[in-house]
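To start, the structure under review is shown below, and the notes come after it.
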Amino acid sequence: IQSPIFPVLLMASKEDWLKNPKQARCYVQFNPLVTASINRLSYRQYDYLTYMAYKHRLSRWLHKRLAHNYVQASIINLYTINLSTIIRDSGVYNSPRGHNRTREVEAALHELKSKDVILKFDSMVKRGLRNKIIDVTYTLTPGFGFVEEVKKANARSKNSSTALSDDRERLP
């Protein structure tokens with residue numbers, strides 16, 4: 001399913017707005033997928049200010065993926081992701097040279113480390129013929145601040161879903 005962010009957007013003209021700004025009307029219909037997620041309270045909250053402060057787009061993608069998928073974040077539970085998964089799902093440029101891809105991912109991981117989202121990361125390289133990089137498995141250790149953020153998001157999600165189910169039970 002695909003839908004633009006605003007499938008229906010009706011705006012008053014600029015002339016109408018300038019003549020009578022309090023009477024000019026606009027109508028915006030929000031994306032139905034986002035609306036459904038809000039109505040069901042099925043979204044995950046994360047630190048948007050940190051997310052937007054990243055220099056690399058891949059850092060933003062990794063932060064968002066961690067916030068959405070790594071709901072059991074703790075120092076004990078490490079997060080593992082493959083280079084092939086990152087390239088496939090992130091939409092990042094797939095360089096024909098394996099070393100360029102690993103450099104980009106490691107630069108993004110270093111940026112996550114500088115923002116204390118992860119404490120450290122380890123990589124295990126799987127090589128093929130002529131020492132060609134076939135895949136790399138990255139193991140990420142979350143930062144303490146990120147673990148706290150995930151715990152708070154889990155609590156908010158649990159409280160929201162409990163409140164939503166209580167409200168639905170009260171409805172006739």
Side-chain angles (χ1 to χ4, degrees), residues 1-7 9 29-158 160-161:
I1 297 174
Q2 289 184 346
S3 177
I5 189 72
F6 301 125
L9 179 63
Q29 184 180 30
F30 205 52
N31 180 300
L33 301 173
V34 175
T35 302
S37 180
I38 291 170
N39 289 338
R40 291 186 184 102
L41 299 173
S42 62
Y43 54 89
R44 296 274 312 163
Q45 294 180 340
Y46 63 97
D47 186 357
Y48 187 74
L49 291 176
T50 301
Y51 171 82
M52 290 307 293
Y54 292 121
K55 178 182 172 187
H56 298 97
R57 187 175 62 84
L58 187 56
S59 301
R60 287 191 290 274
W61 182 84
L62 281 165
H63 184 122
K64 192 174 189 180
R65 179 165 179 119
L66 287 170
H68 287 286
N69 295 342
Y70 191 29
V71 296
Q72 77 287 5
S74 72
I75 300 301
I76 299 168
N77 297 326
L78 306 178
Y79 187 79
T80 305
I81 189 167
N82 290 330
L83 175 67
S84 57
T85 304
I86 293 170
I87 291 169
R88 181 192 70 214
D89 295 349
S90 69
V92 72
Y93 170 69
N94 189 2
S95 173
R97 298 186 58 155
H99 288 291
N100 292 343
R101 292 180 282 195
T102 57
R103 270 191 220 114
E104 285 183 40
V105 170
E106 289 182 8
L109 290 172
H110 283 293
E111 193 171 19
L112 287 173
K113 190 175 173 183
S114 72
K115 301 283 186 191
D116 295 324
V117 172
I118 60 173
L119 286 177
K120 66 176 185 161
F121 66 92
D122 298 312
S123 58
M124 187 177 75
V125 180
K126 182 179 178 184
R127 296 189 180 267
L129 293 172
R130 297 184 180 178
N131 215 20
K132 179 182 177 183
I133 295 176
I134 295 174
D135 207 353
V136 180
T137 301
Y138 294 100
T139 304
L140 311 178
T141 303
F144 296 109
F146 182 75
V147 170
E148 288 301 314
E149 179 185 322
V150 168
K151 286 180 180 179
K152 288 178 185 176
N154 288 343
R156 282 190 297 264
S157 178
K158 183 179 178 183
S160 298
S161 63

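Count residues from 1 along the sequence.
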Can you list, pair by pair, the side-chain donor-acceptor contacts under 3.5 Å of residues 147-155, counting residues two or more places apart and other chains?
| residue | atom | partner | partner atom | Å |
| --- | --- | --- | --- | --- |
| E149 | OE2 | D47 | N | 2.9 |
| N154 | OD1 | R44 | NH1 | 2.7 |
| N154 | OD1 | R44 | NH2 | 2.9 |
| N154 | ND2 | V71 | O | 2.8 |
| N154 | ND2 | V150 | O | 3.4 |

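- What you find for P7 and P32 is that their closest heavy atoms are CG-CD, 3.9 Å.
- Closest non-hydrogen pair, S59 versus A108, comes out as OG-CA, 3.2 Å.
- Side-chain contact between T102 and Y138 is present, with heavy atoms from C-beta onward closer than 4.5 Å.
- Annotation: the span from H110 atom NE2 to R103 atom CZ amounts to 12.5 Å, rounded to 0.5 Å.
- Between I133 and R127 the shortest side-chain heavy-atom distance falls below 4.5 Å.
- Ring planes of F146 and Y70: parallel class, angle under 30° (limits at 30 and 60°).
- For S123 against E106, the heavy-atom pair with the smallest separation is OG-OE2, 4.1 Å.
- Closest approach of K115 to A53, counting heavy atoms only: NZ-CB, 3.8 Å.
- Taking the side chain as every heavy atom from C-beta outward, I86 and L58 approach each other to under 4.5 Å.
- Counting only distance, with no hydrogens or angles, the side chain of N31 and the backbone of P4 share a donor-acceptor pair below 3.5 Å.
- The CZ atom of R101 lies 4.5 Å from the CD1 atom of I87; values are rounded to the nearest 0.5 Å.
- Taking a 6.0 Å sphere around CD1 of I76, one finds it holds 12 or fewer heavy atoms contributed by other residues, nucleotides or ligands.
- One distance of note links CD1 of I118 with OG1 of T141; it measures 8.0 Å at 0.5 Å rounding.
- Side chain of N82 to main chain of S84: no donor-acceptor pair is present (N/O by atom type, distance under 3.5 Å, no hydrogens or angles).
- With rounding to the nearest 0.5 Å, the separation of CG in L78 from CD in Q72 is 10.0 Å.
- Atom OG1 in T137 sits 11.5 Å away from atom CG in D122 (nearest 0.5 Å).
- Taking D116 as the reference, nothing meets the side chain to side chain donor-acceptor pair (under 3.5 Å) condition, with sequence neighbours excluded.
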All N/O donor-acceptor pairs, side-chain side in residues 60-69, below 3.5 Å, sequence neighbours left out:
| residue | atom | partner | partner atom | Å |
| --- | --- | --- | --- | --- |
| R60 | NH1 | Y54 | O | 2.9 |
| H63 | ND1 | Y54 | OH | 2.7 |
| R65 | NE | Y79 | OH | 3.1 |
| R65 | NH1 | D89 | OD2 | 3.1 |

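- The NE2 atom of H56 sits 11.0 Å away from atom CG of L109, with the distance rounded to the nearest 0.5 Å.
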